[in-house]
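Here is the structure we will look at, set down as structure tokens.
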Amino acid sequence: MKKFILNTDKRTKSKFSIDYHSELNQQQFNAATSIDGPQLIIAGAGTGKTRTLVYRVAYLVENGVKPESILLMTFTRKSSQEMMKRASSILDERCNRVAGGTFHSFSNFILRNYADLIGYSNNFTVIDRSDSESLIGYIISSMGLNKKERRFPKKRTVLNIISKSVNTTNSIDEIVKSEYPQFSDEKSEIIKIEKQYSAGKKNRNLMDYDDLLVNMVTLLTRNETIRRKLSNTYRYVMIDEFQDTNHIQALYASLIASEHENIMVVGDDAQSIYSFRGANFRNIMDFPKIFPKAEVHTIEENYRSTQPILDLTNQVINSAKEKYQKELFTSIVSKEKPVFIVPKDKFEQARFICQKVLELRDEGIELKNIGVLFRSGFHSNELEIELNEQNIPFVKFGGLKFIEAAHIKDILSILRVTHNQSDAIAWIRLLQLIKGVGAKTADYIVNEIIVNDQGIKGLVSDSLRGKKYYSDLKILYRLLEEILNTDDEPIRLFPRILEFYSPIIKQKYDDAKKRELDLQSLAEICNRYSSTEKFLTDMSLDPPEASQVKSGPTDGEKEKLVLSTIHSAKGLEWHTVFIIQLLDGYLPSSYSMESLESIEEERRLFYVACTRAKKNLFLLSPNLSFNRFSNETITFSEPSRFITELKSFDALTERWELSFKRDDKIIEGEILSSNENNSEETLNRIEKYFKVPK
């Protein structure tokens, strides 16, 4: 029998209401339309990762997959809601029935039905960070550790150690040894606290955030029936930002997908930078080992940055020891290369940034579209002072602004009372640095100093003799007496102030070592001043009470320059980006030098910083010379190895040399005007215009 083949009826309507080919580029399309089996999506910076996920949800639903059988896990509730909203807007309301949320919220949802299978009641209470700290504090107190002669770590620090141990699956012994060596003698007590903390929560039917993950894994590993039921309920599992998952989260996701292996994980190995939170780089690298049938998709077309910026970032990450190979490209054309600058010091670096920011502002680039990025919070200290002096509003992410930090306020209180002995607010703060002096005692001493007009002798008045804190008050008295009796400005004796404060900062703060870096910066800033009054005035131009750390568009100045640690900048973008302190020992951090894994994460950190820039990228590597706090001279003058190791760095960047403009009209400090006005005529015009009364 002869067969007659009919042509396809072009009038036949496609089963899809969305034209996925026209909405996505080819790499995005390939990823979004892969349905069955394990899928690893390596989505480079700025390549439309979220768009790919959203269209994948819609594609699954249009292919007849029940929305309720799709599980989308994200790191924030907001991102999950936004994805479902976008999916519904491009398809229909069915996408709102997709299961999802954060790992913690989904765990809470499941454990409400099955907690009794792992020794909890289903009506357990989830406690927040504050509640956890309170319970830890109670245990520390009940064990009498808060009365020990040797200072015991604060409850927040103990909780950090316990949580880090849970999320990294490393022992408390390992966490203390690597991150809190100053508390090595307290290790056994911390282990006892952890045991009491765990038992106390279970006895009270409480779970903290870490417990939600751990108990979910416990449920899935100890109860075969429940694991199968959940895996067969959620037939399509999708995990966003997989490079940021810790060991427990990756195990959790794998167990949910164990019956069908329909798991898609999306992320970028080059942006794995959160090991300090417990994130495990190996999760994304070893995914094909856990799921050998995994298809690996790479998305490389960037919609954010210009090609010259991408040429540099591609070279940076190509130097990584272990990576998924990708080469970002874009259709955004520009001849502007990233700029490399070597300022003579941090202050010249700050002056350049301020001037360039103002020039960009004049060109129509809003301050909020300009970002200054750095490895650690203290790297921006000098810049913050310069921004304040030039009245450029800014917001800082990733730590308090320099002059808002408690230890900086402590130091300033010493300078303030030597400058003005009637400064009661500074006295109250300073006196409470003395162990054993509380608010009531501080008020009494301030009354002696100011109201009874004893001056600093009020610190050692007869009424205070015999008090346990009297010897410390005498030390403070001698310091202030030395400062007040010198012919020099108090600021010139700053090294003596640091010497006095050194044991206090170690006693008061668990992270004293990090705070000492701020004091080093403060010492360098002080060294530029000869007047204590001028220094204190400059430091208080932006009052500490007016915190900008959490400022938003409703705060006074709507337009603010953005200062941010690189960790806090991930996921954000700016028209122009400045990356400062690009020196070996700063980026990479000197703390990372001990292991190859840490150095590699620092490289990825630099990559993340560079890929935040859309149009302009400035790389600054100032010469740094000394460390006044420790009284040692340390030089950081070598540009970051992530720069020097690039053989094509000079070809990929443009080098600028900073110089000072000489104004011919400035002679011996006097500004000469070429136009001599008749002051009488000027006054007449003013009076006439403003109708000044005679």
Decide yes or no for [X] and [Y]: does some side-chain heavy atom of the first lie under 4.5 Å from some side-chain heavy atom of the second?
X	Y	result
Ile42	Ile284	yes
Leu620	Pro343	yes
Glu179	Phe276	no
Ile365	Asn616	no
Glu82	Thr50	no
Leu373	Trp574	yes
Lys49	Thr52	no
Gln28	Glu301	no

Note to self: Under the rule for side chain to side chain contact (heavy atoms under 4.5 Å, CB included), what residues qualify as partners of Leu358, not counting sequence neighbours?
What the structure shows: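 For Leu358, the residues satisfying side chain to side chain contact (heavy atoms under 4.5 Å, CB included) (neighbours in sequence not counted) are Gln390, Ile392.
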Side chains of [X] and [Y]: do they bring a donor and an acceptor to under 3.5 Å?
X	Y	value
Gln315	Asp311	no
Glu382	Gln349	no
Ser258	Arg227	yes
Ser589	Ser592	no
Gln243	Glu241	yes

Just checking [X]: does its [atom1] atom have more than 12 heavy atoms from other residues, nucleotides or ligands closer to it than 6.0 angstrom?
X	atom1	result
Arg304	CZ	yes
Tyr303	OH	yes
Glu657	CD	no

[X] and [Y]: which non-hydrogen atoms are nearest, and at how many Å?
X	Y	result
Glu601	Tyr274	OE2-N, 3.5 Å
Gly377	Asn381	O-OD1, 4.0 Å
Ile299	Ala31	CD1-CB, 4.4 Å
Pro622	Lys346	CB-N, 4.2 Å

Next item on the list: Determine the sole option in Asp268, Asn314, Thr298, Asn318 for which the side-chain hydrogen bond (donor to acceptor under 3.5 Å, both in side chains) test with Lys326 is passed.
Entry: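 Of the listed options, the one satisfying the test is Asp268.
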Check: Should the ring pair Phe578 and Phe352 be called parallel, tilted or perpendicular, given that the plane angle runs from 0 to 90° and is split at 30 and 60?
Finding: perpendicular
Notebook entry, point to check: Which of parallel (below 30°), tilted (30 to 60°) and perpendicular (above 60°) describes Phe606 and Phe642?
Noted result: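 Phe606 and Phe642: parallel rings.
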Next item on the list: Return each pair, listed once, that meets side chain to side chain donor-acceptor pair (under 3.5 Å) where at least one residue sits in residues 329-343; pairs must be two or more places apart or across chains.
Entry: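 Passing the test, one end in residues 329-343: no pairs.
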Next item on the list: Would you give the length of the straight line joining atom CG of Leu587 to atom CD1 of Ile579, rounded to the nearest 0.5 angstrom?
Entry: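 One finds 8.0 Å between CG of Leu587 and CD1 of Ile579.
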Checklist line | Qualifying ring-ring contact (aromatic ring centres under 6.0 Å, His included) pairs with a residue from residues 237-266, counting only residues at least two apart or across chains | finding: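 Checked against ring-ring contact (aromatic ring centres under 6.0 Å, His included) - neighbours excluded - the pairs reaching residues 237-266 are Phe103-Tyr252, Phe242-Phe287.
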Notebook entry, point to check: Phe378 and Tyr586: side-chain contact (heavy atoms from CB on, under 4.5 Å), yes or no, with the steps?
Noted result: CA-CA 11 Å; Phe378 77 95; Tyr586 278 64; 4.1 Å; yes
